[in-house]
2 protein chains.
Amino acid sequence: MNKKQKDQTTEQKILEAARAVFMEQGMAGARMQDIADKAGINKALLHYYFRNKNKLFEVIFLDAAARFMPRVSMLFESEQPLFDKIRAFTTTYMNMLSENPYLPTFILTEMHKQDGAKFLEKIWGGEKPPVEKLAAQVRKEAAKGIIKPINPLELILNMVSMCVFPFAAKPMAKLVFNLSEAQFKQVMEQRKTSVAQFIIDSIRK
Amino acid sequence: MNKKQKDQTTEQKILEAARAVFMEQGMAGARMQDIADKAGINKALLHYYFRNKNKLFEVIFLDAAARFMPRVSMLFESEQPLFDKIRAFTTTYMNMLSENPYLPTFILTEMHKQDGAKFLEKIWGGEKPPVEKLAAQVRKEAAKGIIKPINPLELILNMVSMCVFPFAAKPMAKLVFNLSEAQFKQVMEQRKTSVAQFIIDSIRK
DNA sequence: AGATAGTTTAACCAAATAGTTAAAACAAAA
DNA sequence: TTTTGTTTTAACTATTTGGTTAAACTATCT
């Protein structure tokens, strides 16, 4: 048996190319030939490494989904004050999104078509993040009078919405607000702190 | 020459079917045969009415895009107080989204691929909504001490984000929060008022 | 060198799918 | 009824595309 000690193994090249093509074109729009070309190999070799399009897609999709539903243990487990959690989450999450611009639309679109339960199983082993932990904290801080009462589910939805949506809507936002690429980036940079502030201003008593 | 006085003209049936299929499957995933089947006609007739897939897609896409970028004249033109505008916009917009669940992901995905300038031209005749009007009001009310100073662009982004994203992320939200269809609808119903309140709470001084 | 296991390729195949054609059915007017 | 223009269809064509095959190449070990 022999191992590749080259700069980048063929499998890595394939995965990288597949990620790029699937993210931009989606499952239906992606062409195996395009993936092969981008990886600098030919189509047969692609099928040698990944039996078919579905198998390859599944690998990419699961990896992307895992990244999109981030390690929220930070949010649910630790004993930080709520405001700190909000600040930490929004900046961390938006930093990740800056580096994965196609991730949101890709995941959202494909989630409409794939069997959700199946992927949940593979990502979290059938378990969901313990939303109840965070909910308890929200209720507790509300009782203490630190924040207004708010449905924790709505709080999370609002937070994730404001982080994700502007990236998903980037082409439209640039159009409507007449922004250059640089200007758009600048706005997103600002938002890495302003979103948390917006939320905190809303729920603080 | 003869006009159809039937319940629904063939062209209408086609457009309705095409809208449904394109919205669910996207441009790449949609099959002309499926559209024909859904319209209850055959493929050749489809091509008789719309020369090819691209032409048909363009009609659907433009109509959808126009609906997605709503008549925001309400927001930009009228002389209502800012808080009233926010309340009016969020409920109106979310009502529309409730009835067009696939609209957000469809538009966001296809916007990545289509030439934005081209569609802007067709939708607004090259003009963009006068964001400056709203910006002026935001600055004015901030000066009066009614609201905190905020970048108007960020205010709009936040507002639209919280309206749109939960619909786009519906399958994922149902999964993560363990919601039935009915429960999801209920949450969205609540949000039709709570989103505006969340924003107002944040910017009110 | 020769054998062996793993890797890569060019050429091919079969299925799916966008688009065409020519003729039949239909409706309205003459 | 006949004519005329429109609507509808079945059958066909061309192209794209996912997937296969069999042979050639490469590195490693004996």
Side-chain angles (χ1 to χ4, degrees), chain A residues 1-64 106 109-110 113-115, chain B residues 1-62 64 106 109-110 112-115:
Chain A
M1 43 241 42
N2 76 39
K3 284 257 138 73
K4 270 281 167 60
Q5 61 271 60
K6 273 175 148 188
D7 319 340
Q8 215 187 8
T9 170
T10 302
E11 189 172 340
Q12 286 176 321
K13 285 193 293 183
I14 292 177
L15 286 172
E16 192 176 302
R19 183 150 34 235
V21 174
F22 276 130
M23 290 253 190
E24 277 190 40
Q25 307 296 333
M27 167 62 174
R31 295 293 101 104
M32 293 298 267
Q33 187 63 61
D34 292 346
I35 295 173
D37 290 349
K38 195 155 221 166
I41 59 172
N42 89 1
K43 218 175 34 156
L45 185 55
L46 192 54
H47 282 90
Y48 173 78
Y49 276 88
F50 297 89
R51 198 177 314 262
N52 58 42
K53 194 180 176 185
N54 277 309
K55 285 259 193 293
L56 179 55
F57 175 79
E58 194 173 345
V59 173
I60 301 299
F61 179 73
L62 283 176
D63 176 72
F106 173 69
T109 305
E110 300 300 337
K113 294 164 197 163
Q114 309 299 327
D115 174 13
Chain B
M1 40 271 13
N2 75 38
K3 284 257 136 73
K4 269 284 168 59
Q5 60 271 60
K6 275 176 147 186
D7 319 340
Q8 216 186 8
T9 169
T10 302
E11 190 172 340
Q12 287 176 319
K13 285 193 292 182
I14 291 176
L15 287 172
E16 192 175 302
R19 183 151 33 236
V21 174
F22 276 130
M23 290 254 190
E24 279 191 40
Q25 307 297 331
M27 167 63 173
R31 295 293 104 106
M32 293 298 266
Q33 188 62 62
D34 292 347
I35 295 173
D37 290 349
K38 195 155 218 163
I41 58 170
N42 88 7
K43 222 176 30 158
L45 185 55
L46 193 55
H47 281 89
Y48 173 78
Y49 275 89
F50 298 89
R51 199 178 314 263
N52 57 43
K53 193 180 175 183
N54 279 310
K55 285 259 192 293
L56 180 54
F57 175 79
E58 195 174 342
V59 174
I60 300 300
F61 179 72
L62 283 176
F106 173 70
T109 305
E110 300 299 338
H112 276 301
K113 294 164 198 164
Q114 309 297 327
D115 174 13

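Naming: A, B, ... by sequence-line order, numbering from 1 per chain. None of these values were measured; they are calculated from a predicted model.
In this entry the distance linking CG of A:Leu45 with P of D:dA24 reads 18 Å, nearest Å. With rounding to whole Å, A:Phe22 atom CZ is found 9 Å from D:dG18 atom P. Rounded to an integer number of Å, the gap from A:Tyr49 OH to D:dG18 C1' is 20 Å. Spacing between atom NE2 of B:His47 and atom C1' of D:dA11 amounts to 15 Å, rounded to whole angstrom units. As rounded to whole Å, 13 Å separates atom P of D:dT16 from atom CG of A:Asp34. Atom CD in B:Gln33 sits roughly 18 Å away from atom P in C:dA15 (whole-Å rounding). Residue A:Asn42 contributes atom CG, which lies 15 Å from atom P of D:dC25 at whole-angstrom precision. One atom, CZ of A:Phe50, and another, P of D:dT20, lie 15 Å apart when rounded to the nearest Å.
Residue contacts shown for B:Ala30 are limited to sugar-phosphate atoms, with no base heavy atom under 4.0 Å away. Residue B:Ala36 is out of contact with every strand shown, counting any heavy-atom pair closer than 4.0 Å.
Contact between the side-chain N/O atoms of B:Thr10 and the OP1/OP2 oxygens of D:dT7 is not found at any separation under 4.0 Å. Contact annotation: A:Tyr48 side-chain N/O to C:dT8 OP1/OP2 distance is not under 4.0 Å. For the OP1/OP2 pair of D:dT16 and a distance below 4.0 Å, the side-chain nitrogens and oxygens of A:Arg31 include no atom meeting the criterion.
The distance from atom CD of B:Glu16 to atom CD of B:Gln12, rounded to the nearest 0.5 Å, is 8.5 Å. Rounded to the nearest 0.5 angstrom, B:Met27 CE and B:Asn54 CG are separated by 4.0 Å. B:Arg19 CZ to B:Phe61 CZ: the interatomic distance, rounded to the nearest 0.5 Å, is 14.0 Å.
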Can B:His47 and B:Met32 be said to form a side-chain contact (heavy atoms from CB on, under 4.5 Å), step by step? CA-CA 9 Å; B:His47 281 89; B:Met32 293 298 266; 3.8 Å; yes
Please test A:Phe106 against A:Phe22 for ring pair (Phe, Tyr, Trp, His ring centres under 6.0 Å), starting from the C-alpha separation and ending with a verdict. CA-CA 8 Å; A:Phe106 173 69; A:Phe22 276 130; 7.2 Å; no
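Checking D:dG18, C:dA18, C:dT9 against the side-chain heavy atoms of B:Lys53 singles out C:dA18 as nearest. Looking at the side chain of A:Ala44, the nearest of the listed nucleotides D:dT8, C:dA18, D:dT21 is D:dT21.
Toward the 5' end of DNA chain C, the nearer of the two residues B:Asn52 and A:Lys43, judged by each one's closest nucleotide, is A:Lys43.
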